[in-house]
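Values in this document were obtained by computation on a predicted structure and should not be read as measured data.
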Amino acid sequence: MLAIVALSGSASAEIKGDAIRVGVLTDMSGIFATAMGPGSVEAARMAAEDFDGKINGKPIEILQADHQNKADVASAIARRWFDREGVQAIADGGSSGAALAVQELVRENKRVFLVSGAGAVELTEKACAPTSVQWTHDAASTANAVVAGVSKTVQGSWFFITADYAFGHAVEAIARAKLDKLGVKVAGSVKTALNTADFASFLLQAQASGAKVLALNAAGDNVTIMKQAQEFGFAQQGIAVVPMTFQNVDIVAAGLSVTQGDLIATSFFEDVSPAARKWADAFFARRKAMPSQIQAGVYSAVRHYLQAVKDTNSDDGEIVMAKMKATPVADAYTPQGTIRADQRMVHDLYLVQVKTPAESKGPWDVAKLVTTIQPDEAFRSLEESKCPLVGR
């Protein structure tokens with residue numbers, strides 16, 4: 001009975017801090033900064049502005065920090081925020097290694113973690129935490145959506161160029177499993193260090209393998225590989241270049257001449273609804289760039305968190321997360337999201353195709369909707385989950 005009273009926002013619940021502080025912990029200057037970084041901070045600020053910067057008389061403060069994609073740096077910042085600066089929630093999380101490190105501290109401190117940048121499935125598997133939620137994408141949804149879409153249009157074996165880090169490994173493993181179920185052969189794979197400049201030897205291996213699909217799973221290096229693959233004449237040889245993880249910011253960086261026709265899975269597409277277009281245009285007015293799916297996810301997650309704080313009149317992590325899970329997610333990011341028992345927020349994904357230069361009406365008019373991918377087609381089922389919270 002006490003839990004019900006607390007969740008109702010009665011007098012027994014209260015916002016104990018002098019402010020509601022959300023820390024955006026992300027890559028501010030490294031390889032992921034364009035898709036996360038300052039844009040994620042701006043998205044969190046936009047969420048706070050939806051509440052006029054305060055809740056129940058308490059100001060909302062958005063803090064920011066650069067974890068440099070290092071787990072130890074991320075942990076140190078999170079610990080300082082929790083112990084000394086009164087931060088009740090951390091958003092974005094950045095790269096998977098950093099996010100997994102922060103999640104352990106979140107578990108100990110019962111603070112809220114709104115993961116948008118990191119895509120490691122471990123975050124909602126064995127490492128799941130009661131007050132952490134993975135919001136935007138993960139390795140399973142990314143790999144399943146891309147493989148399912150591409151396999152309908154391209155026949156033949158696949159070759160992977162994969163970045164040697166946690167998320168890269170996870171995406172390739174899940175994609176291989178999906179391909180195996182479809183009876184599609186994997187002709188080969190190479191692992192590369194982040195920030196590799198020359199992929200010539202790997203591209204030659206891909207050509208020699210006889211693969212019809214070159215799957216790029218190399219984070220920020222995807223653009224570099226795509227440009228070099230164009231120089232190697234992959235398109236003329238009938239080899240489809242498919243980025244497993246790619247966003248609108250990456251399309252703009254590479255250019256439509258390089259990316260045209262590619263199929264890309266995304267969790268946010270600005271033309272899917274009037275609400276999405278309105279928010280994306282507002283973001284563009286501030287940043288002079290359209291939001292990535294990660295930045296849109298930060299907005300949605302922080303907004304949903306703040307609404308739960310307001311509804312419960314509490315900044316207690318467990319109380320707020322319970323309210324977040326009990327409330328459907330409906331905003332500019334997704335019209336129908338739900339936080340499951342494994343702390344995974346499930347929602348529609350979109351398969352989009354990169355426009356040709358002739359189709360594009362402007363610098364950020366880069367893609368068109370092919371199909372909407374339902375949550376049960378992309379996300380792992382609860383029955384498959386290894387999260388110890390499932391079934392409680």
Side-chain angles (χ1 to χ4, degrees), residues 31-32 34-36 95-96 117 119 136-154 156-165 167-176 178-179 184 186 188-192 194-197 199 202-203 206 211-232 234-235 239-269 290 292-294 349-356 366-371 373 378:
I31 193 170
F32 303 119
T34 302
M36 304 178 193
S95 57
S96 293
T136 304
H137 67 134
D138 61 32
S141 61
T142 297
N144 288 334
V146 172
V147 169
V150 173
S151 295
K152 292 176 183 177
T153 57
V154 182
S157 60
W158 289 46
F159 187 99
F160 288 88
I161 296 180
T162 295
D164 192 9
Y165 73 130
F167 182 64
H169 295 172
V171 169
E172 180 177 333
I174 295 164
R176 280 174 172 265
K178 182 77 169 180
L179 288 166
V184 179
V186 175
S189 173
V190 293
K191 301 295 188 292
T192 65
L194 291 172
N195 293 315
T196 296
F199 290 88
F202 307 129
L203 292 171
K212 291 300 180 182
V213 175
L214 173 62
L216 306 182
N217 186 24
D221 293 332
N222 281 344
V223 172
T224 301
I225 304 172
M226 293 169 78
K227 290 179 177 179
Q228 292 178 15
Q230 186 181 47
E231 295 170 0
F232 273 71
F234 272 54
I239 303 172
V241 179
V242 176
M244 297 298 294
T245 54
F246 216 59
Q247 304 188 63
N248 53 359
V249 294
D250 301 313
I251 297 171
V252 172
L256 295 183
S257 62
V258 174
T259 59
Q260 59 183 308
D262 286 346
L263 292 170
I264 295 167
T266 180
S267 65
F268 178 73
F269 183 56
M290 293 299 282
S292 70
Q293 64 170 343
I294 291 170
L349 276 78
Y350 309 101
L351 190 68
V352 300
Q353 186 173 43
V354 180
K355 291 184 175 181
T356 65
V366 296
K368 54 191 176 186
L369 182 66
V370 175
T371 188
I373 304 164

When rounded to the nearest 0.5 angstrom, what is the spacing between [atom1] in [X] and [atom2] in [Y]?
X	Y	atom1	atom2	value
His169	Thr162	NE2	OG1	7.5 Å
Ile31	Asn195	CD1	CG	4.0 Å
Thr266	Leu349	OG1	CG	7.5 Å

Any side-chain heavy-atom pair from [X] and [Y] closer than 4.5 angstrom?
X	Y	answer
Asn144	Ile373	no
Ser151	Trp158	yes
Phe199	Thr192	yes

>> Go through it in stages, so that I can follow the logic: the residues are Met244 and Asn222, the test is side-chain contact (heavy atoms from CB on, under 4.5 Å), and I'd like the CA-CA distance, side-chain angles, deciding distance and then a yes or no.
In response: CA-CA 9 Å; Met244 297 298 294; Asn222 281 344; over 6 Å; no

Could you tell me which non-hydrogen atom of [X] sits nearest to which non-hydrogen atom of [Y], and how far apart they are?
X	Y	answer
Leu351	Ala145	CD1-O, 4.4 Å
Ala143	Ile174	CB-CG2, 3.7 Å
Ala35	Ile294	O-CB, 3.6 Å
Phe269	Ala367	CZ-O, 3.6 Å
Thr224	Ala197	CG2-O, 3.7 Å

Just to verify, which of [options] counts as forming a side-chain contact (heavy atoms from CB on, under 4.5 Å) with [X]?
X	options	answer
Met226	Asp221, Val241, Val242, Leu214	Val241
Gln353	Thr259, Val370, Thr371	Val370
Phe159	Leu216, Val190, Leu203	Val190

>> Evaluate Lys227 against Glu231 for salt bridge (charged side-chain N to carboxylate O under 4.0 Å, His left out), listing each step before the verdict.
In response: CA-CA 7 Å; Lys227 290 179 177 179; Glu231 295 170 0; over 6 Å; no

>> Between Gln247 (side chain only) and Ser292 (backbone N and O only), is there a donor and an acceptor less than 3.5 Å apart?
In response: no

>> Looking only at side-chain N and O atoms, does Gln293 offer a donor or acceptor that is under 3.5 Å from a partner on Thr136?
In response: no

